[in-house]
Amino acid sequence: MKLGKVSILLLVLAPMLLAIAAVASYFAYQKMQSQHEVNLADLEKFGYEMVPSNTYTESTGTLGAQQLPATFAEKKLTPTERVIRGLMQDKENLLAEQDALKSEIDALKQQITELQEYKRLNQHFAPETFEDELIRTKAQLKAILARMPEADQFSNIRLEIMAAAGMQEYRRFVSANRLMLEQPQRGKIVSDHLPAFAFCVGNATDLAANSRAEERLLIDWFNQPDSTALPTALAEDLAKLLPACQKPLREQLEASLPEIIAG
């Protein structure tokens with residue numbers, strides 16, 4: 001009879017104990033699962049939250065004061081955290097160097113801009129060189145000759161020879177008298193004295209040059225007489241013909257020198 005009561009008691013208590021054990025196991029499992037998820041989240045943020053840069057880098061306070069990095073916490077870093085910390089510091093150093101280089105480049109660009117502007121203004125207001133003056137004189141003379149009816153009988157090559165010859169006489173006159181002429185003074189010489197001389201040279205070239213090749217050689221010779229050699233026959237012909245053109249021009253220029261200087 002007693003055995004039957006014990007059996008009945010066990011039959012009643014066993015399901016209750018099993019239920020309690022199942023509930024306890026369920027809550028224990030839930031707790032373990034929650035902790036596991038927390039650990040996974042911490043692992044995913046490793047390198048960001050495990051080594052917070054704001055803790056160990058310089059920052060600006062709310063009032064604008066510069067806050068130095070905390071160094072006492074470095075001892076608590078693990079080897080992996082120290083590696084990450086070192087890489088972050090290298091990145092900050094590279095960014096700082098990059099900013100410094102950008103500033104230097106910007107400063108150099110500003111200097112280049114200023115130098116270019118200075119060069120532009122200097123070229124605008126500075127007087128032209130003597131070589132520039134000669135080139136301008138030749139171009140001006142050729143333009144005047146091309147508009148004159150007498151030039152119809154001459155080819156473009158012949159006009160180039162005539163203009164170059166006039167430029168050399170202008171060089172000789174200005175250099176001999178050590179003149180620094182303004183545009184109006186130069187224009188007077190080109191328009192009043194050089195055309196007649198140029199036509200004389202054109203006629204002399206017709207007698208001296210026997211081919212297009214010799215005419216092109218004369219262009220080089222009149223432009224750069226010191227560095228251009230002429231065939232003997234052509235040089236001898238010019239030596240006989242040119243003085244007849246040069247003498248009246250030089251006399252006219254010398255006679256009008258006071259007027260030219262006065263402007």
Side-chain angles (χ1 to χ4, degrees), residues 123 125-263:
Q123 289 176 341
F125 292 105
E128 61 184 359
T129 65
F130 187 49
E131 291 301 321
D132 293 334
E133 181 180 343
L134 293 176
I135 293 173
R136 189 183 297 274
T137 299
K138 184 177 74 170
Q140 184 178 357
L141 176 59
K142 185 177 180 181
I144 292 175
L145 295 175
R147 292 195 298 267
M148 300 178 70
E150 297 90 331
D152 293 342
Q153 59 179 314
F154 298 115
S155 65
N156 188 63
I157 294 178
R158 193 70 59 82
L159 288 175
E160 184 69 22
I161 294 173
M162 295 158 61
M167 178 192 68
Q168 288 301 331
E169 284 300 310
Y170 176 87
R171 178 202 290 270
R172 189 207 64 81
F173 173 69
V174 171
S175 299
N177 294 281
R178 298 183 179 183
L179 300 176
M180 296 183 62
L181 303 179
E182 299 293 336
Q183 178 57 39
Q185 298 168 310
R186 185 192 316 159
K188 186 172 181 61
I189 294 175
V190 173
S191 60
D192 294 352
H193 301 286
L194 293 183
F197 166 78
F199 283 117
C200 181
V201 171
N203 293 325
T205 301
D206 188 42
L207 297 174
N210 297 316
S211 64
R212 290 290 186 185
E214 288 190 348
E215 287 185 345
R216 292 188 178 90
L217 191 59
L218 284 177
I219 293 176
D220 296 335
W221 185 75
F222 277 116
N223 282 321
Q224 297 177 329
D226 295 333
S227 59
T228 304
L230 295 178
T232 303
L234 182 58
E236 290 177 352
D237 289 342
L238 286 178
K240 296 176 182 177
L241 296 170
L242 280 182
C245 301
Q246 293 169 337
K247 183 178 179 181
L249 171 65
R250 295 176 180 179
E251 290 176 352
Q252 292 174 12
L253 289 174
E254 290 299 326
S256 60
L257 181 59
E259 181 184 354
I260 293 173
I261 295 176

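Once rounded to the nearest 0.5 Å, the distance linking CD of Q185 with CD of E259 reads 10.5 Å. To the nearest 0.5 angstrom, T137 atom OG1 is 8.5 Å from L141 atom CG. Rounding to the nearest 0.5 angstrom, the gap separating the CZ atom in F222 from the NZ atom in K138 is 12.0 Å. Atoms CD and CG, from E160 and D220 in turn, are 10.0 Å apart once rounded to the nearest 0.5 Å. Of the inter-residue distances, the one linking F154 atom CZ with N203 atom CG reads 4.5 Å to the nearest 0.5 angstrom.
H193 and S256 make their closest contact through NE2-OG, 3.5 Å (heavy atoms, listed as atom of the first residue, atom of the second, distance). In terms of heavy-atom proximity, L230 sits nearest to A235 at CB-CB, 4.2 Å.
Side chain of Q252 to backbone of L249: no donor-acceptor contact under 3.5 angstrom is found. Here the side chain of T129 pairs a donor or acceptor atom with the backbone of D132 at under 3.5 angstrom.
In terms of the side chain to side chain donor-acceptor pair (under 3.5 Å) criterion, residue partners of N156 (sequence neighbours excluded) are, by chain and number, K142. Every residue two or more places apart in sequence or in another chain was checked for a side chain to side chain donor-acceptor pair (under 3.5 Å) with D237, and none qualifies. Residues satisfying the side-chain contact (heavy atoms from CB on, under 4.5 Å) test with L257, not counting sequence neighbours, are F173, N177, L179, E254, I261. For Q168, the side chain to side chain donor-acceptor pair (under 3.5 Å) partners are R171, not counting sequence neighbours. A search for salt bridge (Lys or Arg N to Asp or Glu O under 4.0 Å) contacts involving D192 returns K188, not counting sequence neighbours. Qualifying side-chain contact (heavy atoms from CB on, under 4.5 Å) partners for T232, counting only residues two or more places apart in sequence or in other chains: E236. With sequence neighbours excluded, no residue satisfies side chain to side chain donor-acceptor pair (under 3.5 Å) with S191. For R250, the salt bridge (Lys or Arg N to Asp or Glu O under 4.0 Å) criterion is met by E169, not counting sequence neighbours.
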I would like to know whether V174 and F130 meet side-chain contact (heavy atoms from CB on, under 4.5 Å); could you show each step before the answer? CA-CA 10 Å; V174 171; F130 187 49; 3.9 Å; yes
Please step through side-chain contact (heavy atoms from CB on, under 4.5 Å) for the pair M180 and E133, ending with a clear verdict. CA-CA 10 Å; M180 296 183 62; E133 181 180 343; over 6 Å; no
Which is it for N223 and T228 under the side-chain contact (heavy atoms from CB on, under 4.5 Å) test, yes or no, and what are the steps along the way? CA-CA 9 Å; N223 282 321; T228 304; over 6 Å; no
Side-chain donor/acceptor pairs under 3.5 Å, residues 145-153, sequence neighbours excluded:
from : atom 1 : to   : atom 2 : distance (Å)
Q153 : NE2    : E150 : O      : 3.4

Please tabulate, for side-chain N and O atoms in residues 205-215, each donor-acceptor pair with protein atoms closer than 3.5 Å (sequence neighbours left out).
from : atom 1 : to   : atom 2 : distance (Å)
T205 : OG1    : V201 : O      : 2.8
S211 : OG     : E214 : N      : 3.3
R212 : NH1    : S155 : OG     : 3.3
R212 : NH1    : E215 : OE1    : 3.2
E214 : OE1    : N210 : N      : 2.8
E215 : OE2    : R158 : NE     : 3.2
E215 : OE2    : R158 : NH2    : 2.6

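For residues 205-244, no pair satisfies disulfide (SG to SG under 2.5 Å), with sequence neighbours left out. Residue pairs satisfying the disulfide (SG to SG under 2.5 Å) criterion with at least one member in residues 197-249, sequence neighbours excluded, are listed as follows: C200-C245.
At least one side-chain heavy atom of R136 sits under 4.5 Å from a side-chain heavy atom of R186. Between L181 and Y170, some side-chain heavy-atom pair lies under the 4.5 Å cut-off. Counting heavy atoms from C-beta on, the side chains of L238 and L218 come closer than 4.5 Å.
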